[in-house]
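Chain naming here is simple, since letters A, B, ... match the order of the sequence lines and numbering starts at 1 in each. A quick note: this is a predicted structure, and the numbers were derived from the prediction, not measured.
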Amino acid sequence: MSDEQEMLEFNPQQPMQEIDVEPEQETLVVAEEPLTAKQKSGRGRWLILGVGLLIAAILAESVLQIYQAWQSHWWLGALWLAAIVILVVVSGYWVIRECVLLYRLKHRRQLKRHDECTSDYAQALVKQLQRTDLLREWQRIDEDYWQPQERAERLQQDIMQNVDRDAQRVINKSASETAVLVAVSGNSLLDAVIMLWRNQRMISKVAALYGVELGYFSRIRLWRMILTNIAYAGVSELLTDAGSQLLSAELAAKLSMRAGQGLGAGLLTARLGYAARQLCRPLPVPKERRARLTDVQTSLLGALKNALPQVWRARSNADNSGK
Amino acid sequence: MKSTVTSTANSIKQQAHDALHRGLDRHVRLAVTGLRRAGKTAFITGLIEQLLHANEGAALGFFDVVREGRLVASQLTPSPQWQIPRFKYEQAIEALCGQPSRWPESTNSLSQIRLTLRYQPTGHWYSRWLSYRDLTLDIVDYPGEWLLDLPLLSLDYEAWSQQQSTLLERPEREQHAQAWLQSIRSELASEHSADESIRRIAEQYQLFLAACRDQSQLCFLQPGRMLMPGELAGAPALHFFPWPQQFSCPEHWQRLLVKRYQHYQQQVIKPFYQSYFSHFNRQVILVDLLDALQAGEQAFADRQEALAALLESFSYGENHWLRRLFSARIERVALVATKADQVPPNQHHALAELLRQLLLDKRRQWQFDNVPHEVFSVASLAATSAGEVDGQQVVQGVDENGQTRRVAPSALPQSTPMAQQWQKGFQYLRFAPNFSRQQIPLPHQRLDKVLQYLVGDKLT
Ligand SMILES: Nc1nc2c(ncn2[C@@H]2O[C@H](COP(=O)(O)OP(=O)(O)O)[C@@H](O)[C@H]2O)c(=O)[nH]1
Ligand SMILES: [Mg+2]
């Protein structure tokens with residue numbers, strides 16, 4: 001073994017040239033509560049104190065109650081005890097699960113710079129997707145001679161694109177369903193409920209595709225991140241999509257109002273979906289693959305036209321009769 | 001008046017026809033160029049190996065047509081030029097996978113091979129109606145020594161003699177030249193006929209060239225056929241040599257030497273390039289930087305010069321005299337640093353970077369002439385695996401004695417090394433192959449990227 005490990009003289013002549021990689025720029029704005037952090041110092045502490053006292057009170061109360069119950073009838077006491085144990089176990093499980101899921105969401109790995117993409121790191125990213133088939137595929141194709149950028153490229157094309165395709169399908173489907181439902185409903189309260197319900201489902205699905213499981217708090221956190229992301233990214237997206245905005249202004253004139261509402265709802269859904277995708281994806285979406293809302297709009301119009309020919313035509317009929 | 005109209009119409013028609021033809025051209029003639037032992041034979045073998053097994057587990061993630069599952073199959077097909085021997089691909093694989101595993105024999109003659117790639121087109125108006133298309137890929141293998149004859153085409157005998165005499169002043173050449181110079185002296189004094197004398201001196205010159213190659217590892221040695229005569233062994237066509245400027249040349253010798261030189265130019269070099277190189281449209285230039293660094297300062301400089309002379313003759317500018325010889329247009333040039341498997345993966349970038357540095361002037365020229373080119377570091381047949389010892393990247397493989405070795409080779413310099421770096425020297429272990437039939441398709445490093453660059457655009 002020792003002669004096997006015999007080394008040639010190693011003479012590092014000069015430090016190797018730094019590999020210059022452009023870090024993939026991504027307008028990824030993650031909501032790191034700068035506002036709430038301050039508030040927490042004041043109000044939050046009191047709130048925690050209050051809740052803590054409340055729990056303590058409830059515990060004391062229940063202990064007393066069980067004790068009393070035990071005094072009168074031992075079986076009544078046992079019943080209480082069993083009930084409370086079950087309650088504590090279930091809620092404990094829930095709390096732990098919530099904590100774990102939230103932790104996972106907060107600490108999930110995302111490749112920020114392509115030169116970080118070592119073999120181990122890439123494998124960790126693929127594992128995060130929780131897809132054994134993709135993991136096996138990745139282990140088959142990964143080559144140890146690849147440079148980090150090359151590996152990142154393969155990761156995008158051979159692994160992520162698989163998931164992307166599914167995510168795209170989910171987003172498209174939800175967007176057109178929402179668009180149709182909102183166009184049909186004609187009641188703003190109902191619209192809001194539909195939006196909330198459909199988007200909720202879509203985001204869970206998209207997150208699950210990228211291996212992010214959502215609990216209650218993690219869901220809220222993801223929602224908040226998504227909304228912040230949209231709010232920040234909104235301006236630049238508006239600019240790039242200016243063409244589509246013009247187009248839709250022209251279209252809006254022809255569309256019936258309800259179809260227009262449907263279209264808007266669909267676009268918003270799609271945008272939420274893309275934001276969710278961007279936040280859950282282990283690698284940033286490469287520029288050339290980023291979805292454009294213009295494409296979504298075209299497919300939404302198609303869906304609306306198919307599902308609701310009468311809504312589509314309602315306005316032009318009215319126009320004709322008006323003349 | 002009418003005739004000008006028809007001729008204009010005809011010319012437009014011709015142009016349209018040419019454009020269509022070029023657009024639909026499914027024929028890649030790949031010129032594999034490189035000095036001797038740069039890895040041409042290994043490269044061609046690796047390329048064929050990967051293409052033939054593209055759908056049977058070859059690792060070709062960067063080759064779009066394979067990744068997208070559009071390559072139906074590839075096949076070796078007979079070449080239409082029947083007088084040229086076929087490239088011995090099967091023998092090469094036999095040697096590589098044999099017991100013991102060996103590198104393919106070094107090349108001593110010309111051979112050619114043709115591959116047909118059948119693929120599904122995509123993204124064209126006709127894609128929908130065509131279930132497949134064929135792309136023909138022609139590759140020629142030849143001894144690297146011959147390539148250095150190409151620069152001779154632009155020099156007359158005088159100029160060549162002058163150039164060689166300057167080279168002769170260098171110590172690494174001078175030390176081998178004594179016997180040859182001595183033979184000139186004695187022949188000048190002797191009574192032999194001119195023909196006889198020149199033959200004798202040429203034989204000495206041949207020995208001189210061989211000594212330069214084998215002992216000092218020099219490459220810039222002309223004429224190349226003297227080192228690798230092929231069918232010309234012993235023929236009077238090779239009985240000439242550059243005249244050293246320190247002697248004065250008798251008139252009748254001079255006439256004979258010039259005649260032989262011109263004959264060599266016209267009857268040996270020109271036909272060779274006209275038949276095998278004039279129509280290529282893609283070129284790959286292979287450079288073995290590791291061997292050059294290991295060979296030391298003089299050999300490194302010599303190789304750099306040889307490469308420069310070589311590339312000078314492959315100038316593709318519009319008005320270059322070679323344009324008349326090379327009728328086709330070079331569309332792409334891949335610059336490849338070979339044998340990358342001899343250094344650990346974290347040095348691959350530095351290897352490509354060094355080649356980029358060394359070819360800086362040439363690349364500027366290409367940029368000016370609008371010839372697309374790209375630099376790669378490649379192992380056509382990867383004989384090592386990467387590992388890590390104490391946080392230091394190493395390569396592991398089998399050396400020429402069959403011993404398993406794990407080494408951390410010298411770090412690569414960023415550009416032409418300084419004197420101090422030469423003093424320390426560079427060491428890269430020459431690994432032997434260690435393949436078996438079970439490993440087919442044989443491993444490679446980054447050939448897929450080169451393939452994508454060289455033929456990817458024709459496979460859409
Ligand atoms: N490690 C390694 N060695 C190589 C590789 N390609 C060529 N070689 C070495 O280089 C030598 C010359 O290669 P060859 O292809 O015959 O060069 P040619 O004269 O240009 O045809 C071979 O005998 C091998 O020792 C490679 O990919 N990896
Ligand atoms: Mg060869």
Under a 4.5 Å cut-off applied to non-hydrogen side-chain atoms, are A:Gln157 and B:Phe62 in contact? no
In Å, rounded to the nearest 0.5 Å, how long is the span from CD of A:Gln147 to NE2 of B:His349? 7.5 Å
Minimum heavy-atom separation for A:Glu143 to B:Ala59, with atom names? OE2-CB, 3.2 Å
Can you see which heavy atom on B:Pro345 is nearest to which on A:Asp144, and at what distance? CG-O, 3.5 Å
B:Arg437 atom CZ, neighbour heavy-atom count above 12 within 6.0 Å: yes
Can you tell me how far the CG atom of B:Asp448 sits from the CZ atom of A:Arg154, to the nearest 0.5 Å? 7.5 Å
Portion of B:Arg446 that has a non-hydrogen atom of chain A nearer than 4.5 angstrom: both
In terms of heavy-atom proximity below 4.5 Å to chain B, should A:Glu153 be classed as side chain, backbone, both, or neither? side chain
Side chain to side chain contact (heavy atoms under 4.5 Å, CB included) between B:His348 and A:Trp146: does it pass, once the steps are laid out? CA-CA 9 Å; B:His348 285 191; A:Trp146 277 341; over 6 Å; no
